[in-house]
**Q** 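I'd like to ask you about the structure that follows.
Worth knowing before you read on, the calculation uses all heavy atoms, side chains too, and leaves out hydrogens, waters and symmetry mates. Just so it is clear, the structure is predicted and the values come from calculations on it, not from any experiment. All residue numbers in this chain count up from 1 along the given sequence.
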Amino acid sequence: LLHSLEQMLQVKQLHTLVVVLAEEYRTLDFLAPILKDERVRFANPGAERQDSVENGLAEVPDECTLVAVHDAARPLVSLDAVHACLA
């Protein structure tokens with residue numbers, strides 16, 4: 001999870017990073033540096049993946065014109081791959 005969050009926070013175009021994570025895990029020590037970033041906000045997970053995505057999308061600011069959904073369970077995405085998807 002930390003690797004994915006660190007990668008996403010390096011995306012040049014990123015204005016908001018919505019992390020779908022249960023409340024009881026949001027204070028884990030390894031998240032401390034991430035929590036200092038003002039672009040990070042949280043959403044609660046849902047019963048199914050699509051519910052979690054819906055909850056995350058509900059936290060996206062209205063002025064947002066582009067959204068990328070990344071499954072942190074697959075953390076090997078490169079920064080170049082993310083930039084290519086957003087280009």
**Q** With a 3.5 Å cut-off and sequence neighbours excluded, list the donor-acceptor pairs that the side chains of residues 30-39 form with protein atoms.
**A**
unit_1	atom_1	unit_2	atom_2	d
D37	OD1	R39	N	2.9
D37	OD1	R39	NE	2.9
D37	OD2	R39	NE	3.4
D37	OD2	R39	NH2	2.7
R39	NH1	L9	O	3.4
R39	NH2	L9	O	3.1

**Q** Calculate, to the nearest 0.5 Å, the distance between atoms CG and CG belonging to L1 and L21 respectively.
**A** 6.5 Å
**Q** Is it true that V20 and M8 fall in one hydrophobic cluster, defined by side-chain heavy atoms closer than 4.5 Å?
**A** no
**Q** Enumerate the residue pairs fulfilling side chain to side chain donor-acceptor pair (under 3.5 Å) with a member in residues 52-65, sequence neighbours excluded, ordered by first and then second residue.
**A** none
**Q** On a heavy-atom basis, which atom in L14 and which in L17 lie closest, and how many Å separate them?
**A** CD2-CB, 4.1 Å
**Q** Running the 4.5 Å side-chain criterion over Ile, Leu, Val, Met, Phe, Trp and Tyr, what cluster does V18 land in, apart from itself?
**A** V53, L57, V60, V67, V69
**Q** For T27, which residues count as a side-chain contact (heavy atoms from CB on, under 4.5 Å) partner, sequence neighbours excluded?
**A** none
**Q** Which distance, rounded to the nearest 0.5 Å, do you find between the SG of C85 and the CG of D80?
**A** 11.0 Å
**Q** Counting only heavy atoms not in E23, do more than 12 fall under 6.0 Å of its CD?
**A** no
**Q** Report the residues that fulfil side-chain contact (heavy atoms from CB on, under 4.5 Å) with A68, sequence neighbours left out, ordered by chain and then residue number.
**A** L86
**Q** Tell me, please, which residues at least two apart from L79 pass side-chain contact (heavy atoms from CB on, under 4.5 Å).
**A** Q7, Q10, V11, H83
**Q** Using the test side chain to side chain donor-acceptor pair (under 3.5 Å), find all partners of R26 that sit at least two apart in sequence or belong to another chain.
**A** N44
**Q** Going by side chain to side chain donor-acceptor pair (under 3.5 Å), name the residues that satisfy it together with D71, two or more places apart in sequence or in a different chain.
**A** R74
**Q** Checking E48 now: which residues fulfil side-chain contact (heavy atoms from CB on, under 4.5 Å) with it, not counting sequence neighbours?
**A** Q50, D51
